[in-house]
Amino acid sequence: MRRWLVGQASGGEKRKEVGGEIENNNACETKKRKFNAKWLTGREWLVFDHDHIVMFCQDCRKYTKEKNKTNNCVLGTNNFKVEAVKDHESARSHQESLRIKSVKTGRIEESLAGRSLSLLKTSELEKMQLLFRNAHAIGKKGRPFTDFAWMCEVDRKKGLKIGETYTNEYQAKEFIHYIAEDERRKMKARLSEGKFISVMSDGSLDSAVMEEEMVYVRSASEGKVKVDFVGVKAVSKPDATNIADAVCSIMDSEVSTDWKNKLVALTTDGASVMTGVNNGVVTKLRADRPNVLGIHCMAHKLELAFSDGIRKNVMVRKAEDLLSGLYTVYHKSGVNRASLKQHFRELHMKALMPTRVGGTRWLPHLFKALDHFLRGYAGIVRHLEEKSQEATTINAVLREKAKGFLNIAKDGGVLRFCCLLHDTIYQLSNLSKSLQRSVSTLAEAQRCLSSTQAVIEKYKSRPGPKLRAVLDTDTFEGVLLKPTDADQHDRAKNELIDSLCQCITARFSDVNSGVLQAMRLTSFQCWPEAAMSSDFGDGEINKLISHFRPLLLSAGVDVELIPDQWTILKTELYTAGFSQGTFEKTWPTVNRMLHHRCPAILDLFDALLTIPATTADCERGFSVMNQVKSDWRSRLKGETLLTS
């Protein structure tokens, strides 16, 4: 028989006897447990909070569903038992959290859903690639959005799987928009990372007779020059204030708000609204930054210098009247054009019609008119002789015009002067093309200008190729010329050449002094032989440092190191075989070799390389704008024009 005895133990403790055994109640009290650090092994999800003395699952806290967020292992528990850890580890809610984590933190293409989607959408991606290529071609060539539909139809006829959706003009606009956005994003990132930029700006009327201001940016990094189209914006009134506001608005939105801190130069045409000293656009944009250069486009300067040089020349006026008259006779009469072409065929000559003398670019237009006249001289004279001998009264006016033009064309003095003009303008046209290169520098422009001027001055004592062919003969292309006074021709020749050289020197006087003259260091053709290089460029470097010091300091360039690094740069280049021609003379090559040794001086040269010598890129931009915003699309909005 089992007896239950309850008695009072010594010390007031209760004791109970079970089967003859007595247990102490303290042994039944809950043992105080601690977190075991070994539990963390292999369990990245488990976290112990030392401050609150709890453990919790960090993955469930972040990824579990809302209904499971009241779980003890999510809130935190002090139930430090290994069974509790294992139970949570095998719980369905925990496994679901791990799956969600794997999907969100892993690469999409490596996930099961990503792989499945990739397999399902391969054909769709191929279709989108074709559509984007068509849209890119539309934007690149300035074609209307409506062309997109028939381009897609042609792809279908070719057997390409282009699909039936996204093949209308509205989707073409969307595709081009996102292509443009991606290009702008890349440009903005590159310009934001760069230290220096220069701005080119010009204005023109579009097909809706609205003034559009176009902005390009030129930058240089490690010797590599890049020119980017930034934007175009309509200007309500083409005065200095509105144009300056338009340029700032474009630069702020498409580049960055701190673009003025990186600004090296502003290149514009010679209009007074742009270059005015007191209230011009350049003056307004420079504000309190005197180190920012205002550059007058050198291609525009050349046009103005040529215009000044021929303004008072009588023989030039006579040659222009002849060329303009011939253009009018043949351009406005289909009968005369057909008759002239017939004469060219009979003489086995290429049909070269007389062209317009004037135009947006004076030099190329005048050169083309002279070239067609001289190369097609025999055919033109033969046709004028025929028209001047017609006895019908119907063409009496044309007959008299033909007699007058024939009399001038066969004048030996006029023809020889046309040959002189051809030789001279040929050199100036080549110079203009050099000045219009996107990556042309001021140093290269100065060098080309000097060599061209030397050739033209040489024509005073040594005739050019065209003039040389007709100078000592009385015939030209088989046509007998009227005799001329040699002294009179020499006077006219010297007068033209002297006038042109004086006007070119006057117009380009600024590039031969000061900071612009010091920029000749950027052209390796201006560097001397090794024996003369010890002090070469030292004065120019000091001049450039003095002018651009605030800009260089704001870009983080250590200005004080530049003079010493210039000496190191020269020594290294000449040692590398620079003067012997064994070294590739480009600034990217120099940067790859010496940027670790001469970072400060190479940063200065990057700033100089950003300075544009011309606004020809803006002119090319206006050509594209006129293709896009044609007379048929004159209502095109500015946002759409910019996207296109």
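A quick note: this is a predicted structure, and the numbers were derived from the prediction, not measured.
- A donor-acceptor contact shorter than 3.5 Å links the side chain of K262 to the backbone of G194.
- Atom CG of L449 is separated from atom CG of L428 by 9.5 Å, given to the nearest 0.5 angstrom.
- What you find for I176 and G139 is that their closest heavy atoms are CD1-N, 3.9 Å.
- Using a 4.5 Å cut-off on side-chain heavy atoms (C-beta onward), L604 and V557 make no contact.
- In the displayed structure, F132 atom CZ is contacted under 6.0 Å by more than 12 heavy atoms of other residues, nucleotides or ligands.
- Distance alone, capped at 3.5 Å, is enough to place a donor-acceptor pair between the Q58 side chain and the E44 backbone.
- Across all their heavy atoms, L551 and V264 have their closest contact at CD2-CG2, 3.6 Å.
- Electrostatic pairing of E212 and K629 counts as a salt bridge here, judged by a charged N lying under 4.0 Å from a carboxylate O.
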Practice prompt. I would like to know whether E254 and K188 meet salt bridge (Lys or Arg N to Asp or Glu O under 4.0 Å); could you show each step before the answer?
Written response: CA-CA 7 Å; E254 301 298 335; K188 193 170 184 176; over 6 Å; no
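- When all heavy atoms of A246 and V235 are compared, the pair lying nearest together is CB-CG2, 4.0 Å.
- Within the 3.5 Å criterion, the main-chain N or O of G163 finds no donor-acceptor partner in the side chain of T167.
- Checking side-chain atoms of S249 against main-chain N and O of D245 turns up no donor-acceptor pair under 3.5 Å.
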Discussion item. Working note: Q436 + S432, criterion side chain to side chain donor-acceptor pair (under 3.5 Å); need CA distance, chi angles, decisive distance, verdict.
Written reply: CA-CA 6 Å; Q436 293 176 39; S432 182; 2.8 Å; yes
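- We find that K195 and D606 are not joined by a salt bridge, their nearest charged nitrogen and carboxylate oxygen being 4.0 Å or further apart.
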Worksheet item: Under the side-chain contact (heavy atoms from CB on, under 4.5 Å) criterion, do L366 and I425 qualify, and how do the steps go?
Response: CA-CA 8 Å; L366 182 54; I425 298 176; 3.4 Å; yes
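- For the atom pair D617 CG and S201 OG, the distance stands at 12.5 Å (nearest 0.5 Å).
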Side-chain polar contacts of residues 223-231 - donor-acceptor pairs under 3.5 angstrom, sequence neighbours left out - could you list them?
residue: D228; atom: OD1; partner: R190; partner atom: NH2; Å: 2.5
residue: D228; atom: OD2; partner: R190; partner atom: NH2; Å: 2.5

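- Residues K368 and D371 are not paired through a salt bridge, judged by the lack of any N-O separation under 4.0 Å between the basic side chain and the carboxylate.
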Item to complete: Evaluate the criterion side chain to side chain donor-acceptor pair (under 3.5 Å) for residue pair R345 and Q342; output intermediate values, then yes/no.
Response: CA-CA 5 Å; R345 283 193 292 268; Q342 180 61 33; 2.8 Å; yes
Fill in: Pair L293-L516, side-chain contact (heavy atoms from CB on, under 4.5 Å): steps then yes or no
CA-CA 9 Å; L293 297 173; L516 298 185; 4.2 Å; yes
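- Comment: R156 engages E153 in a salt bridge, judged by a side-chain N to carboxylate O separation of less than 4.0 angstrom.
- Applying the salt bridge (charged side-chain N to carboxylate O under 4.0 Å, His left out) rule to pairs touching residues 55-71 yields D59-K101, K65-E96, E66-K69, sequence neighbours excluded.
- Using a distance-only test at 3.5 Å, with no hydrogens or angles considered, a donor-acceptor pair links the side chain of R218 to the main chain of S438.
- By the side chain to side chain donor-acceptor pair (under 3.5 Å) test, Y330 is found to be paired with H383, residues two or more places apart in sequence or in another chain being considered.
- Put simply, CG on L573 and CG on L594 are 5.5 Å apart, with the number rounded to the nearest 0.5 Å.
- One finds the OH atom of Y63 at 11.0 Å from the SG atom of C57 (value rounded to the nearest 0.5 Å).
- Expressed to the nearest 0.5 Å, how far NE2 of H136 lies from NZ of K141 amounts to 10.0 Å.
- Judged purely by atom type and a 3.5 angstrom limit, E222 has no side-chain atom pairing as donor or acceptor with the backbone of W587.
- Between R43 and E89 there is a salt bridge, since at least one side-chain N of the basic residue sits less than 4.0 Å from a carboxylate O of the acidic one.
- Using modelled atom types, no side-chain atom of T77 and backbone atom of C73 make a donor-acceptor pair closer than 3.5 Å.
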Practice prompt. Determine, stepwise, if the pair L263 / R289 fulfils side-chain contact (heavy atoms from CB on, under 4.5 Å).
Written response: CA-CA 9 Å; L263 189 61; R289 295 178 177 84; 5.7 Å; no
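- Taking the six-membered ring for Trp and the full ring otherwise, F48 and W39 have centroids separated by 6.0 Å or more.
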Item to complete: In sequence, state the C-alpha distance, the side-chain angles, and the governing distance for S256 and D258, and then conclude on side chain to side chain donor-acceptor pair (under 3.5 Å).
Response: CA-CA 5 Å; S256 65; D258 66 336; 2.6 Å; yes
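- Shown are V247, V292, T268; of these, the side chain to side chain contact (heavy atoms under 4.5 Å, CB included) with L285 is made only by V247.
- Taking 4.5 Å as the limit, every side-chain heavy atom of V47 sits out of range of all side-chain heavy atoms of M55.
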Discussion item. Does K161 form a salt bridge (Lys or Arg N to Asp or Glu O under 4.0 Å) with E126? I'd like the steps, not just the answer.
Written reply: CA-CA 8 Å; K161 296 180 180 180; E126 292 176 353; over 6 Å; no
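- By the neighbour-count criterion of 12 heavy atoms within 6.0 Å, atom NZ of K284 is densely surrounded, having more than that number from other residues, nucleotides or ligands.
- Closest approach of C448 and T452 over heavy atoms only: O-OG1, 2.8 Å.
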Worksheet item: Taking it one step at a time, do L75 and F56 satisfy side-chain contact (heavy atoms from CB on, under 4.5 Å)?
Response: CA-CA 7 Å; L75 299 175; F56 61 89; over 6 Å; no
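- A donor atom on one side chain and an acceptor atom on the other are found under 3.5 Å apart for R592 and T589.
- Nearest heavy-atom pair, C618 versus M214, reported as atom, atom and distance to 0.1 Å: O-SD, 3.8 Å.
- Proximity of a side-chain donor or acceptor of H296 to a complementary backbone N or O of G270 within less than 3.5 Å is detected.
- With hydrogens and angles disregarded, a donor-acceptor distance shorter than 3.5 Å links the side chain of N626 to the backbone of F622.
- If you take CG on D147 and SG on C152, they are separated by 11.0 Å, rounding to the nearest 0.5 Å.
- What you find for T267 and T615 is that their closest heavy atoms are O-CG2, 3.4 Å.
- In this structure, S434 contributes its side chain and N430 its backbone to a donor-acceptor pair below 3.5 Å.
- Within 6.0 Å of atom NE2 in H595, more than 12 heavy atoms from other residues, nucleotides or ligands are found, so the atom counts as buried in its surroundings.
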